[in-house]
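Below is one structure, written out as structure tokens, with a few remarks after it.
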Amino acid sequence: MLETVAVWLLVVAFLKLSLFQLALALGAGWGELAFGGAHKGKLPNNLRIVSAFSFLVALALAGHYLSELGFLPSLLDGGNRTVANWVFFGFLAVGAVLNNISRSKPERRLWGPITLVMAASALIVAL
């Protein structure tokens, strides 16, 4: 039950993150909420490209966790899924630290709690 809730939290969070990154890539003026908050308004082109890539990565991660729920076929066998879950937890834990120490107060306030919940959820899934 707890693992199912954790996986659903990750699916929803990654889908919303993908939409956020897509919006940034398309020119939304939310620069202070991403990449350390150094760019108010629309991101420069190089970071918009990074956001486009991040959009695809977030969608892939949502797909991975949907496969954990059995909604999509997994591209990995059981052992590799376990390894992937630990790797994803590691990246999310690092992301949580970075978002919570960001110099951008708006970024910290938005992504700090979200990334902590995502990392905790990923830990539950990995365990």
Side-chain angles (χ1 to χ4, degrees):
M1 172 68 176
L2 181 61
E3 182 181 1
T4 301
V5 171
V7 176
W8 275 114
L9 279 169
L10 288 164
V11 168
V12 170
F14 278 119
L15 289 174
K16 289 187 177 205
L17 176 60
S18 71
L19 293 175
F20 174 76
Q21 291 293 346
L22 178 61
L24 287 173
L26 294 175
W30 301 332
E32 70 180 332
L33 297 174
F35 303 107
H39 303 280
K40 293 189 190 278
K42 189 166 88 170
L43 293 173
N45 287 339
N46 63 326
L47 291 180
R48 290 175 68 189
I49 292 168
V50 173
S51 283
F53 178 74
S54 297
F55 161 72
L56 296 173
V57 170
L59 277 182
L61 287 166
H64 168 78
Y65 288 109
L66 281 169
S67 76
E68 290 290 299
L69 290 166
F71 286 97
L72 295 174
S74 181
L75 301 176
L76 304 170
D77 63 28
N80 286 325
R81 281 182 23 214
T82 299
V83 170
N85 285 331
W86 280 107
V87 169
F88 298 153
F89 162 68
F91 280 115
L92 287 167
V94 169
V97 170
L98 293 176
N99 277 287
N100 279 284
I101 64 170
S102 172
R103 285 189 238 162
S104 167
K105 186 175 181 178
E107 183 179 29
R108 268 194 326 272
R109 291 181 71 191
L110 174 65
W111 292 111
I114 292 170
T115 54
L116 285 173
V117 170
M118 290 175 76
S121 297
L123 178 60
I124 290 167
V125 173
L127 290 171

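Heavy atoms only: backbone and side chains are in, while hydrogens, waters and symmetry mates are out.
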Checklist entry - When clusters are formed by joining ILVMFWY residues with side-chain heavy atoms under 4.5 Å apart, either directly or through shared neighbours, do Leu9 and Leu59 land in the same one? => result no
Checklist outcome for this item: For Arg108, the side-chain hydrogen bond (donor to acceptor under 3.5 Å, both in side chains) test, sequence neighbours excluded, returns none
Next on the checklist: Let me confirm one number: the OG-CG distance from Ser51 to Leu26, rounded to the nearest 0.5 Å.
Outcome noted: 9.5 Å
Checklist outcome for this item: In short, Gly31 meets Leu24 closest at the heavy-atom pair N-CD2, 4.3 Å
Checklist entry - Going from CD on Glu107 to OG1 on Thr115, what distance comes out if it is rounded to the nearest 0.5 angstrom? => result 9.0 Å
Item to check | Nearest atoms (heavy-atom pairs only) where Asn100 meets Pro113 | outcome: OD1-N, 4.4 Å
Checklist entry - Got Leu10 and Leu92 here, is their nearest side-chain heavy-atom distance under 4.5 Å? => result yes
Next on the checklist: Does Phe91 have more than 12 heavy atoms from other residues, nucleotides or ligands lying within 6.0 Å of its CZ?
Outcome noted: no
Next on the checklist: Distance check, rounded to the nearest 0.5 Å: Leu110 atom CG versus Leu33 atom CG?
Outcome noted: 5.5 Å
Next on the checklist: Assigning hydrophobic clusters by single linkage (Ile, Leu, Val, Met, Phe, Trp, Tyr; side-chain heavy-atom cutoff under 4.5 Å), is Val117 placed with Leu127?
Outcome noted: no
Next on the checklist: Parallel, tilted or perpendicular: which one describes the rings of Tyr65 and Phe14, with boundaries at 30° and 60°?
Outcome noted: parallel
Checklist entry - Using 30° and 60° as the class limits, which term best fits the ring planes of Trp30 and Phe20: parallel, tilted or perpendicular? => result parallel
Item to check | Pairwise side-chain contact, Leu47 with Pro44, heavy-atom cut-off 4.5 Å (strictly under) | outcome: yes
Checklist entry - Under a single-linkage definition using a 4.5 Å side-chain heavy-atom cutoff for Ile, Leu, Val, Met, Phe, Trp and Tyr, are Leu116 and Met118 assigned to the same hydrophobic cluster? => result no
Checklist entry - Are the side chain of Glu32 and the backbone N or O of Lys40 linked by a donor-acceptor pair below 3.5 Å? => result no
Checklist entry - Would you say Trp86 and Leu123 make side-chain contact, with heavy atoms under 4.5 Å? => result yes
Next on the checklist: Count I, L, V, M, F, W, Y as connected when their side-chain heavy atoms are under 4.5 Å apart, and connections chain through other members. Are Val94 and Val87 then in the same cluster?
Outcome noted: no
Item to check | Atom of Gly37, atom of Ser104 and distance for their closest heavy-atom approach | outcome: CA-CB, 3.6 Å
Item to check | Leu2 CG to Ser121 OG distance, which is reported to the nearest 0.5 Å | outcome: 8.5 Å
Item to check | Shortest non-hydrogen contact from Ala62 toward Leu15 | outcome: CB-CD2, 3.8 Å
Checklist entry - Taking all non-hydrogen atoms of both residues, which atom of Val125 and which atom of Glu68 are closest, and how far apart? => result CG1-OE1, 4.2 Å
Checklist entry - Quick one: CG on Leu19 to CZ on Phe55, what's the gap to the nearest 0.5 Å? => result 7.0 Å
Checklist entry - Under the 3.5 angstrom rule, does the side chain of Ser102 hit a backbone N or O of Asn99 as a donor-acceptor pair? => result no
Checklist entry - Out of Ile124, Val12, Leu69, Asn85, which one pairs with Val7 under the side-chain contact (heavy atoms from CB on, under 4.5 Å) rule? => result Leu69
Next on the checklist: If hydrophobic clusters are built from ILVMFWY residues whose side chains come within less than 4.5 Å, do Leu76 and Phe89 share one?
Outcome noted: no
Item to check | Heavy-atom closest contact (Ala52 atom, Ala25 atom, distance) | outcome: N-CB, 3.7 Å
